[in-house]
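Here is the structure we will look at, set down as structure tokens.
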There are 2 protein chains.
Amino acid sequence: MRAVGGIMDKSGSNKGEEEAETGRPTLKTLAFMTGLGVTTVSRALKDAPEIGAETRKRVQLVARQIGYRPNRAGVRLRTGKTNVISVVLNTTEQIGGFLSDFIYGISERLAATPYHLVVAPYSHNNDPMEPIRYVVETGSADGIIISRTEPSDPRVRYLTERGFPFAAHGRTAMGIEHAYHDFDNETFARLAVRRLAELGRRRLALLAPPTALTYHQHMRGGFLDEMDRHGQSEVPFSAVSSDNVIDDIRRHTIELMQRTGRPDGIVCGAGGPAFALIAGIEAAGFKLGRDIDLVAKEPFNLLQLVRPEIHVVEEDFRLAGHDLATAVLSRIDDKSAAPMQRLVVPTDVIAPR
Amino acid sequence: MRAVGGIMDKSGSNKGEEEAETGRPTLKTLAFMTGLGVTTVSRALKDAPEIGAETRKRVQLVARQIGYRPNRAGVRLRTGKTNVISVVLNTTEQIGGFLSDFIYGISERLAATPYHLVVAPYSHNNDPMEPIRYVVETGSADGIIISRTEPSDPRVRYLTERGFPFAAHGRTAMGIEHAYHDFDNETFARLAVRRLAELGRRRLALLAPPTALTYHQHMRGGFLDEMDRHGQSEVPFSAVSSDNVIDDIRRHTIELMQRTGRPDGIVCGAGGPAFALIAGIEAAGFKLGRDIDLVAKEPFNLLQLVRPEIHVVEEDFRLAGHDLATAVLSRIDDKSAAPMQRLVVPTDVIAPR
DNA sequence: TGGCAAATCTGTAACGTTTCAATATACTCA
DNA sequence: TGAGTATATTGAAACGTTACAGATTTGCCA
């Protein structure tokens with residue numbers, strides 16, 4: 001074997017030197033230029049202590065000069081590290097989507113790192129587990145960001161069981177400590193109800209998120225309890241959720257407003273659907289601020305601009321993206337560290353201007 | 001060399017057979033299971049004609065059974081093919097972003113292919129060329145989708161010169177035939193102006209995109225020419241573009257409305273900014289539909305819902321994403337084929353309801 | 001002087017894939 | 001029979017990287 005090694009060696013190093021200077025530089029290129037071995041160069045670039053200080057500097061200088069960039073496929077094949085974060089999104093999600101900010105938040109955080117962001121979609125009729133399994137099974141990312149978290153979320157269980165780094169937009173309730181960023185929707189609902197109470201509103205309806213999602217519970221819990229304190233009553237409005245398409249919400253809102261016990265206050269748990277609520281209320285012939293008041297989430301700061309008579313609570317999706325990216329990264333960095341858990345508590349309802 | 005080969009061979013195949021059945025299956029696993037060579041398996045999976053029909057079927061059956069999925073890093077390292085499409089986005093882009101739909105459009109198209117979508121952001125103060133160079137130099141994607149196209153776009157030149165597959169959201173005017181999807185903003189402007197003419201509006205202002213972008217020319221061209229035909233005059237409004245932040249637009253709109261020669265009609269070239277226009281107009285004490293009329297783009301079908309008095313033209317960003325994905329794919333597939341070029345022409349302005 | 005340790009540096013093998021250049025087998029034709 | 005030719009299959013090498021197990025040099029101590 002030694003003899004064979006010797007032979008291979010000669011032909012091998014010949015190749016390196018014969019090769020025309022072409023294409024993008026690799027470790028071999030650097031090795032040739034510095035007169036060092038490929039291994040040495042590799043280590044020098046990652047500041048390994050067993051490489052002489054002078055050599056290290058020299059290699060790094062040359063590398064910088066010729067613009068060396070490690071080949072991702074090489075690293076990935078050898079180490080399994082992909083330098084990719086995968087964000088799994090529901091394609092049929094929401095209207096006019098908060099998604100832009102969410103994605104921008106993630107990208108911004110990732111910009112200064114070697115990580116790339118890949119967007120893995122799944123449609124409503126598909127299994128939400130599918131993209132998750134794909135990533136884990138094929139090892140196509142180092143970490144995952146999920147949204148639309150459920151109280152007992154199979155994705156969270158699956159990822160936790162396998163020790164795969166992830167962070168969730170939203171909490172769970174399954175006794176698993178995992179990284180998350182969440183908006184405190186209970187407090188949101190309380191603030192909203194309180195505001196409506198102050199306005200003298202007595203019969204409230206809630207346009208809640210789909211029951212399957214964790215924050216449905218939070219929002220509804222806060223809504224009911226706070227109504228209790230103020231002696232208000234609920235007008236049921238469960239035919240639609242904030243996931244429904246605009247037109248459904250508008251139609252059901254009209255129906256809601258035409259009931260005898262119609263509400264005089266509505267809490268809307270999302271930004272887009274508020275538009276449909278407004279349209280519905282007015283189509284039924286009622287006037288916002290007079291017959292009824294609306295408190296809604298304001299994700300793009302557009303709603304109150306054209307409808308100053310509604311009350312809004314701001315929710316920052318860019319921050320959510322940023323947080324979640326940070327959370328996965330730290331998870332990847334050290335799986336045994338405590339997972340980042342951030343709950344953003346809204347403090348006030350912005351009144352009509 | 002032959003002798004050496006023989007020796008290596010023995011030890012090599014030993015390894016394969018000794019190896020514990022673990023982790024995810026590779027070609028070697030399949031080779032072992034079928035009793036064939038790795039090469040044969042590789043070829044059989046891609047239906048190479050020189051592999052016997054029976055063998056081919058057998059290999060494919062086994063592969064399917066054990067859920068074989070080619071290792072992307074391996075393929076990428078060997079062939080240079082990444083199976084990635086990179087979409088380059090400006091992080092500071094627009095308000096409330098049409099981006100969601102754009103990205104969903106792309107993902108949807110890519111879902112049935114082996115391609116992944118990676119989002120490469122750049123911020124306003126950075127060089128737009130930077131992410132492009134990065135992708136090309138590091139070969140980190142097979143194709144690129146760009147937006148915010150300029151008449152003489154350095155990215156288009158760069159990518160074309162290198163024969164790198166790409167598609168642009170928007171056209172250029174530099175004598176280069178490239179793939180694009182564009183919304184006909186000239187026609188949009190004409191339709192808008194015509195509508196305002198029908199309403200008897202005589203003094204029009206245009207909230208245009210930034211002058212650097214190609215569609216600024218288109219929109220402005222259509223706007224001016226059509227005004228000419230109807231004998232209308234322009235009220236200059238170039239202090240802001242649809243890129244400005246909401247609050248700037250609102251403030252400048254107030255200023256605009258307070259001039260002596262204030263407009264009685266406005267054309268707004270984007271969805272988000274229309275909200276700011278409305279807010280500004282009303283803050284200045286004027287009433288939409290009475291003192292002034294507004295025609296705007298409606299990207300999320302929300303605007304007219306709460307402001308039925310404005311006139312809208314729909315622009316479909318999901319379609320744009322879908323188209324652009326298709327365009328890059330076909331570009332990757334065959335660089336010599338004619339690039340897909342699609343111009344979506346709006347046909348009508350939706351009147352107030 | 002010889003031996004040992006520390007400090008640097010190095011080649012080989014391996015990750016999973018595809019391409020190249022064979023090889024083995026069976027068949028055809030003169 | 002022998003040469004030639006399809007047909008089917010194959011190992012080796014390579015893509016760029018890192019981990020492992022050496023190898024070389026230098027300095028120091030006994």
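Note on naming: letters A, B, ... go to the chains in the order of the sequence lines (proteins, then strands), and numbering restarts at 1 for each one. Every heavy atom of this structure was used, including side-chain atoms; hydrogens, water molecules and symmetry mates were not.
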Using a heavy-atom distance cut-off of less than 4.0 Å, which residues of residues 49-61 of chain A contact DNA chain C? E50(A), I51(A), G52(A), T55(A)

From CZ of R72(B) over to C1' of dT18(C), roughly how many Å is that when rounded to an integer? 17 Å

Report the relative orientation of the aromatic rings in H169(A) and F102(A); use parallel for angles under 30°, tilted for 30 to 60°, perpendicular for over 60°. parallel

Can you list everything that forms a ring-ring contact (aromatic ring centres under 6.0 Å, His included) with H322(B)? Sequence neighbours excluded, please. none

Looking only at non-hydrogen atoms, find the nearest pair between R155(A) and T149(A) and report the distance. NH2-CA, 3.7 Å

Between P of dT17(D) and CG of N71(B), the distance in whole Å: 16 Å

Counting any heavy atom closer than 4.0 Å, what does G35(B) reach on the DNA or RNA strands: base, sugar-phosphate only, or nothing? sugar-phosphate

Indicate yes or no: does D127(B) engage R133(B) in a salt bridge with an N to O separation below 4.0 Å. yes

From CZ of F32(A) over to P of dT10(C), roughly how many Å is that when rounded to an integer? 14 Å

L77(A) CG to dT18(C) P: how many Å, rounded? 12 Å

Nearest to side-chain heavy atoms of V75(A), which nucleotide of dT17(D), dT18(C), dC15(C): dT17(D)

Heavy atoms from other residues, nucleotides or ligands near CD of E50(A) exceed 12 (cutoff 6.0 Å): yes

Remember a base hit wins even if backbone is also touched, and classify R43(A) as base, sugar-phosphate or nothing at under 4.0 Å, heavy atoms. base

Can you tell me how far P of dT17(D) sits from CZ of R78(A), to the nearest Å? 13 Å

Taking for G74(B) and for L36(B) the nucleotide of DNA chain D with the nearest heavy atom, the one nearer the 5' end belongs to L36(B)

Hey, are R109(B) and T326(B) close enough side-chain-wise for a donor-acceptor pair under 3.5 Å? yes

Counting side-chain heavy atoms from C-beta on, which of dT17(D), dT17(C), dT18(D) comes nearest to S42(A)? dT18(D)

Interatomic distance where CZ belongs to R76(B) and P belongs to dT17(C) [whole Å]: 15 Å

How many whole angstroms separate atom NZ of K28(A) from atom P of dT12(C)? 13 Å

If I take atom CZ in residue R69(B) and atom C1' in nucleotide dT17(C), what distance separates them, rounded to the nearest angstrom? 17 Å

Distance test, side-chain N/O of K46(A) to OP1/OP2 of dT18(D), below 4.0 Å: yes

For the side chain of T39(A), counting heavy atoms from C-beta on, which of dA19(D), dT9(D), dG16(C) is nearest? dA19(D)

Contact class for T79(B) (heavy atom, under 4.0 Å): base, sugar-phosphate, or nothing? sugar-phosphate

May I ask you to decide whether R24(A) forms a salt bridge with E137(B), counting only side-chain N to carboxylate O separations under 4.0 Å? no

